[in-house]
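Structure record follows, encoded as structure tokens.
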Amino acid sequence: SLFIADTVHNPSGALASVDLATFKLGYVGPFSPPLPVCELTGTGDGRLFAFCMNNPTGSTLAQVDPKTAKQIGADKLKTGGINNAFAFGFWGGNFYLFTGTGSTTITEYDPIKKTETVVKTISEEIVGAGVSTCAPL
């Protein structure tokens with residue numbers, strides 16, 4: 001399934017799916033609790049995660065139930081903030097978070113150890129990332 005985080009119809013954030021035959025949105029429901037300003041990614045084993053910017057600084061990484069839009073769990077992170085461009089992806093058991101304004105800081109987040117490690121800062125501003133469903137768990 002292809003999911004999107006919708007803030008147009010619900011400013012507090014909602015989950016929708018895209019029908020790939022018609023490209024129409026199927027509303028799943030509002031994020032519960034609310035998760036405004038989010039990007040989504042999935043894992044090879046079918047889990048769905050939202051990376052959301054907090055106001056004014058920091059972020060939240062939440063696992064979301066794709067059938068109900070309810071949070072299964074969430075971690076508060078130091079990286080990011082409401083004024084940052086952002087993107088993320090999942091690879092080999094860790095999340096790679098791209099945040100910044102004018103440049104990008106790449107942070108590796110280990111969800112088991114709950115550690116954030118800055119990998120690199122680059123001069124380009126990254127605003128999107130993708131992950132294959134074949135990505136290693």
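Below, each value reflects all heavy atoms present in this structure, side chains not excepted, and no hydrogens, waters or symmetry copies. The first residue of the sequence shown is numbered 1, and numbering continues consecutively from there.
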Distance, nearest 0.5 Å, that separates [atom1] of [X] from [atom2] of [Y]:
X: Thr41; Y: Leu48; atom1: OG1; atom2: CG; answer: 8.5 Å
X: Phe98; Y: Glu125; atom1: CZ; atom2: CD; answer: 13.5 Å
X: Asp110; Y: Thr117; atom1: CG; atom2: OG1; answer: 8.0 Å
X: Ile72; Y: Lys70; atom1: CD1; atom2: NZ; answer: 11.5 Å
X: Leu97; Y: Phe88; atom1: CG; atom2: CZ; answer: 8.0 Å

What is the minimum heavy-atom distance between [X] and [Y], and which atoms define it?
X: Phe90; Y: Gly42; value: CB-O, 4.1 Å
X: Pro34; Y: Gln71; value: O-NE2, 4.4 Å
X: Lys76; Y: Asn54; value: CD-ND2, 4.2 Å
X: Val127; Y: Glu39; value: O-OE2, 4.5 Å
X: Ala87; Y: Ile126; value: CB-CG2, 4.3 Å
X: Ser59; Y: Thr79; value: OG-O, 2.8 Å

Stepwise side-chain contact (heavy atoms from CB on, under 4.5 Å) check, Leu2 with Ser17:
CA-CA 6 Å; Leu2 178 62; Ser17 63; over 6 Å; no
ask   = Going by atom types alone, do Glu108 and Tyr96 pair a side-chain donor with an acceptor below 3.5 Å?
value = yes
message: Assess, by modelled atom type and distance only, whether the side chains of Thr60 and Asp75 contain a donor and an acceptor separated by less than 3.5 Å.
response: no
Exercise. Evaluate whether atom NZ of Lys120 has more than 12 neighbouring non-hydrogen atoms of other residues, nucleotides or ligands under 6.0 angstrom away.
Key: no
Spell out, yes or no, whether [X] and [Y] are grouped together once hydrophobic residues are joined by side-chain heavy atoms under 4.5 Å, including indirect joins.
X: Leu35; Y: Leu77; answer: no
X: Leu25; Y: Leu20; answer: yes
X: Ile4; Y: Phe23; answer: yes

Test item: [X] and [Y] side chains (from C-beta on) under 4.5 Å apart, heavy atoms:
X: Leu15; Y: Asp6; value: no
X: Ser103; Y: Ile122; value: no
X: Thr68; Y: Val28; value: no

Exercise. Look at the rings of Phe51 and Phe86 and say which category their plane angle falls in: under 30° parallel, 30 to 60° tilted, over 60° perpendicular.
Key: perpendicular
- [ ] For ring-ring contact (aromatic ring centres under 6.0 Å, His included), just list the numbers for Phe95 and Phe49, CA-CA rounded to whole Å, side-chain angles, deciding distance to a tenth of an Å, and then say yes or no.
- [x] CA-CA 10 Å; Phe95 291 93; Phe49 288 87; 4.8 Å; yes
| message | Is it the case that the side chain of Glu116 and the backbone of Lys78 share a donor-acceptor pair, with hydrogens and angles ignored and the cut-off at 3.5 Å? | response | yes
- So does Asp45 pair up with Arg47, basic N to acidic O under 4.0 Å? yes
